[in-house]
Amino acid sequence: MQPGSCSPADRRLSALARHLQGSSAAMDHRTTLSASPTSGFDAAGSVFGHLARAPEDPILGVTVAYNKDRSPVKLNLGVGAYRTEEGKPLVLNVVRRAEHTLVNDSSRVKEYLPIVGLADFNKLSAKLIFGADSPAIQENRVTTVQCLSGTGSLRVGAEFLAKHYHQRTIYIPMPTWGNHPKVFTLAGLSVKTYHYYDPATRGLNFQGLLEDLGSAPSGAIVLLHACAHNPTGVDPTLGQWAQIRQLMRSKGLLPFFDSAYQGFASGNLDEDAQSVRIFVADGGECLVAQSYAKNMGLYGERVGALSIVCKTADVASRVESQLKLVIRPMYSNPPIHGASIVATILKDRNMFHDWTIELKAMADRIISMRQQLFDALSSRGTPGDWSHIIKQIGMFTFTGLNSEQVAFMTKEYHIYMTSDGRISMAGLSSRTVPHLADAIHAAVTRAV
Ligand code: KET
């Protein structure tokens, strides 16, 4: 497929764009209506009576449905959130320690942070993703702003690009995290897709990716998952990353990395940052959105960062001045607590070390769940090749189960997952693997 030609995914994106435009047009219309004292109200007198009920979010809505289920065997493999072997959410020990340090420090106050957030947090976040010895950091060519987790970082980056970058088209992989097209479209970018996943091999469609990016218009923005691609669990090899970089730089395509899983793919923070570092090493420009939701388990603290690597220190400081104009009217300045936890851990050698151990333990538990699920399906003789369960990496397995099979597993086995067949391996435990394997076996042997 040529980029620009109309694939089903592109058509869905255009429909989303039309829908979003339609709702603002409708809003203008209603503004006019409600100015009249006799219209804009429903029978009960509500000015909002005309609203249709919106569907639940495809990922977070899975948790809503799960919470309503009263079955004792119910299992939530929807949202990408780590659970222990006991199926409980985990607060890392190192996070507890950092919080104690913060609470016991009576010199700490609750003043507003600057618009760009906590200075230490920003510096240390840049080092974490680009490497402590990164020339871009040493040359002050990187501006980093604290944002509301990964999503907020993507949104601020997208708003900045829509306002100041000459190309408004962003290419996202197909498939990708379901929120990507919405974040970018609402920020004012026009979204197109590039081939990424090959359902036949359950691996990377590298040829399709190269062809699509090769025919993208010069200057287009390209969204890349730094590691542990969501939902497929399929990443390019380092050699393939080198080729992607070469192609993108030769065409002047602008990389926008989404790094939501640093440390979760391999268990090693540096290894999982290699894709980003390959791009930064050539001296070119790029954007990176970082999240601490998964790798520090700080989901609800909403802590992340947007970094923009520029050609010169002077450009970077002007970019930062403009980022402040994007952030100030959006949420003024970011919250202090989560960023303080991260900064406390990243700047203390011992705490940093302890974090890497806990992170590796989470990554290893996920890898062991992969093996256990694969073994459980093999021992049941479940039809099909399930080796992708152990080949894919990161938090998710893209099982290949279709939406009917997923619906069957939810109805009959109380197993909750997104309708595209993605399961969060982090939500599994040795205790629940047999139940999931039974459900998959039944779904592929009995369901349509
Ligand atoms: N990028 C990717 C690729 C991603 O999977 C997520 C979250 C985010 C960004 C945003 O994370 P934040 O919490 O804003 O730092 N994904 C999981 C949760 C969600 O959908 O919000 C998920 O896919 O289950």
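Everything numeric here is computed off the predicted structure, so don't read it as measured data. For reference, positions follow the sequence shown, starting with 1. Counting starts at 1 for both ligands and their atoms, following the listed order.
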Just how far is it from atom CG of L428 to atom CD1 of I423, taken to the nearest 0.5 Å? 5.5 Å
Any side-chain donor near an acceptor of the partner, S340 and R108, under 3.5 Å: yes
Please give the N or O to N or O pairs under 3.5 Å between ligand 1 and the protein, distances rounded to 0.1 Å.
from     : atom 1 : to   : atom 2 : distance (Å)
ligand 1 : 1 (N)  : D258 : OD1    : 3.3
ligand 1 : 1 (N)  : D258 : OD2    : 2.6
ligand 1 : 5 (O)  : N230 : ND2    : 2.6
ligand 1 : 5 (O)  : Y261 : OH     : 2.7
ligand 1 : 13 (O) : R302 : NH1    : 2.9
ligand 1 : 14 (O) : G150 : N      : 3.4
ligand 1 : 14 (O) : T151 : N      : 2.9
ligand 1 : 14 (O) : T151 : OG1    : 2.5
ligand 1 : 14 (O) : R302 : NH2    : 2.8
ligand 1 : 15 (O) : S149 : OG     : 2.5
ligand 1 : 15 (O) : G150 : N      : 2.8
ligand 1 : 15 (O) : S291 : OG     : 2.6
ligand 1 : 16 (N) : W177 : NE1    : 3.3
ligand 1 : 16 (N) : K294 : NZ     : 3.3
ligand 1 : 20 (O) : W177 : NE1    : 2.9
ligand 1 : 23 (O) : W177 : NE1    : 3.3
ligand 1 : 23 (O) : N230 : ND2    : 3.0
ligand 1 : 23 (O) : R422 : NH1    : 2.9
ligand 1 : 23 (O) : R422 : NH2    : 3.4
ligand 1 : 24 (O) : G80  : N      : 2.7
ligand 1 : 24 (O) : R422 : NH2    : 2.9

Inspect the surroundings of NZ in K123 and state if more than 12 heavy atoms from other residues, nucleotides or ligands are less than 6.0 Å away. no
Residues in side-chain hydrogen bond (donor to acceptor under 3.5 Å, both in side chains) contact with N205, at least two apart in sequence or another chain: none
Could you check whether atom NE2 of H164 has more than 12 heavy atoms from other residues, nucleotides or ligands sitting under 6.0 Å from it? yes
If you define the side chain from C-beta out and look only at heavy atoms, does anything of N179 sit under 4.5 Å from T151? yes
